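Note that the structure is a prediction, hence the values are computed from the model and not measured. Note: hydrogens, waters and symmetry copies are ignored here, and every other heavy atom, side chains too, is used. First the proteins, then the strands, lettered A, B, ... as listed; each starts at 1.
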Amino acid sequence: MSPKTICLTSGKGGVGKTSLTVNLACALSRQGVRVLVVDGDLGLANADVLLGLTVTHTIRHLLEDDRDPMETLIFPEPQLAVLPASSGVPDIVNLGPDDQERLSRILRTLAAGFDLTLIDTAAGIGPSVLWFGALADQLILVVNPDPTSLTDAYALIKVLAQEYQRREFHLLLNAVRSDDEAFQTFDTLAQVATRFLRVEVLYLGSVPQDPAVTRSVREQTPFVQRFPRSKAALAVAALAARLSQDRALAL
Amino acid sequence: MVFSEDAPPVCPLGTEACPVLAAYLRLQEECRRLLALSQTDGLTGLYNRGYLMDALSREMERTRRTGLATGLLMIDLDLFKEINDTFGHQVGDAALVWISRFLQQNVRQLDIPCRYGGEEFAIILPGTRLSQAVRLARRLHRALQEAKPRIQGHTLRLTASFGVDAYDLRERLTPAELLQRADAHLLEAKARGRNLVWHWQLLSDQASPEVSPEERTGLLTPKNLRKKISGSK
Ligand SMILES: Nc1ncnc2c1ncn2[C@@H]1O[C@H](COP(=O)(O)OP(=O)(O)OP(=O)(O)O)[C@@H](O)[C@H]1O
Ligand SMILES: [Mg+2]
């Protein structure tokens, strides 16, 4: 396995990026994949919250002092590391070009120590989202069947295609009520994207709407751990199994 | 006999029921019929490809004289083979006749709809700029999407892809070149997933990161309108 970096992003906020990133990472690590989660939501970091972690050092400290990046990582499990961000810090735009360059170098170094790095991004199409989107090897768009999720995801695909020459996007449908709904949502977005943007939109999978997700957020424990038999957990585990075998996407 | 374009011919000798005049009139009628036959498509009654090229040269010549642009639409029915395969060639032919009527009824008096071949049609739009031609194409596109023709007991949903171009005095272009360009836009519409109006200005629209009205419509169109063909008894 050669190290790969995947960015999970969505355009619209609150569609489940952080939940899916964290749980996918957990599920993958349980299947023997060494995973690093980077909290790319620099302003409203919460990957650590979903994992119930106590954070002492964040990406900001990494840039401020010259500490060993490895010391900043938290390991909730032996195969799973988290690079936390700090809530309430301004966006990446406020990092000068030097710091941006340094951060990307640090991330590359860190990622080299893992099979897979998942970057959870902020909502919207702000500079940090585009910055992480441009940096990653692969892009996963988290989309739910809500029309605004569709249009926001499309707007993000458009910018990444036009400004950053990204040509391939993997769609992960979240909070769907049926496979049919997932396929239809995918079809709509894929058709318009192929037609107007000449990009390739690929179906990665879907995660059902499931109260276990919300409950696990409240309990600050990943649902793949807390409710392993829930529909959402089974879907994420299946996705993780596929990812760890699928060389095309990631590993 | 007096051979005049305007007045009906009469026998110069004033012979009642002159047999030569009768033969002449028959021949004249036959000539008209043959001319019309050579210009029209047998199945649909639209102008054929030969006439299209003549008319296009004529209209482009008019553009050079008057400065008024000539628009050109190339239209190809989407997935027409599926109709033939699903319902048989009789229904396919009837659909071609239906679409021909549809085009004739939905263009303006001076526009010249032609059958280019197979399920491909061309419409010459005299005195029409690109922006107007695009508007007309969009109108046809939408009207076609909404029409649910009943053909030999089957309700068909026919959709088409459109390539739009226009000739004006800013360029030097032969009829064949204009046709080729409009056809290239049509191919582009096909390649982008069919059921679409395409013209070169869209390429520059795509360069803006804003989501265009066309893109938004595609994303928000209810799913049941998106099936390409649905046939039912
Ligand atoms: N499959 C699902 N079923 C039920 N609820 C879900 C599902 N996925 C996400 N949610 C709920 O949606 C809310 C938002 O989830 P999450 O924080 O993961 O989204 P996000 O995309 O990271 O949001 P933000 O853009 O604010 O970072 C959470 O309360 C979560 O419980
Ligand atoms: Mg989040």
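- The distance from atom CG of Asn195(B) to atom CD of Gln191(A), rounded to the nearest 0.5 Å, is 9.0 Å.
- For the atom pair CG (Leu220(B)) and CG (Leu150(A)), the distance works out to 7.0 Å, reported to the nearest 0.5 Å.
- Within a 6.0 Å radius of CD in Gln104(B), more than 12 heavy atoms belonging to other residues, nucleotides or ligands are found.
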Worked verdict on Arg198(A) versus Glu188(B) for salt bridge (charged side-chain N to carboxylate O under 4.0 Å, His left out): CA-CA 11 Å; Arg198(A) 286 300 166 89; Glu188(B) 190 68 30; 3.0 Å; yes
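- With a 6.0 Å radius and a threshold of 12 heavy atoms from other residues, nucleotides or ligands, Glu177(B) has its CD atom above the threshold.
- Thr194(A) contributes atom OG1, which lies 10.0 Å from atom CZ of Arg192(B) (distance to the nearest 0.5 angstrom).
- The number of heavy atoms from other shown groups lying within 6.0 Å of CZ (Arg102(A)) is above 12.
- Here the straight-line distance linking atom CG of Leu219(B) with atom OG1 of Thr148(A) works out to 11.5 Å at 0.5 Å rounding.
- Of the atoms belonging to Ala191(B), heavy atoms from both backbone and side chain fall under 4.5 Å from chain A.
- For the residue pair Gly218(B) and Val192(A), the shortest heavy atom distance occurs at C-CG2, 3.5 Å.
- Between Lys158(A) and Glu215(B) there is a salt bridge, since at least one side-chain N of the basic residue sits less than 4.0 Å from a carboxylate O of the acidic one.
- Residues Thr151(A) and Val211(B) fail the side-chain proximity criterion, which asks for heavy atoms closer than 4.5 Å.
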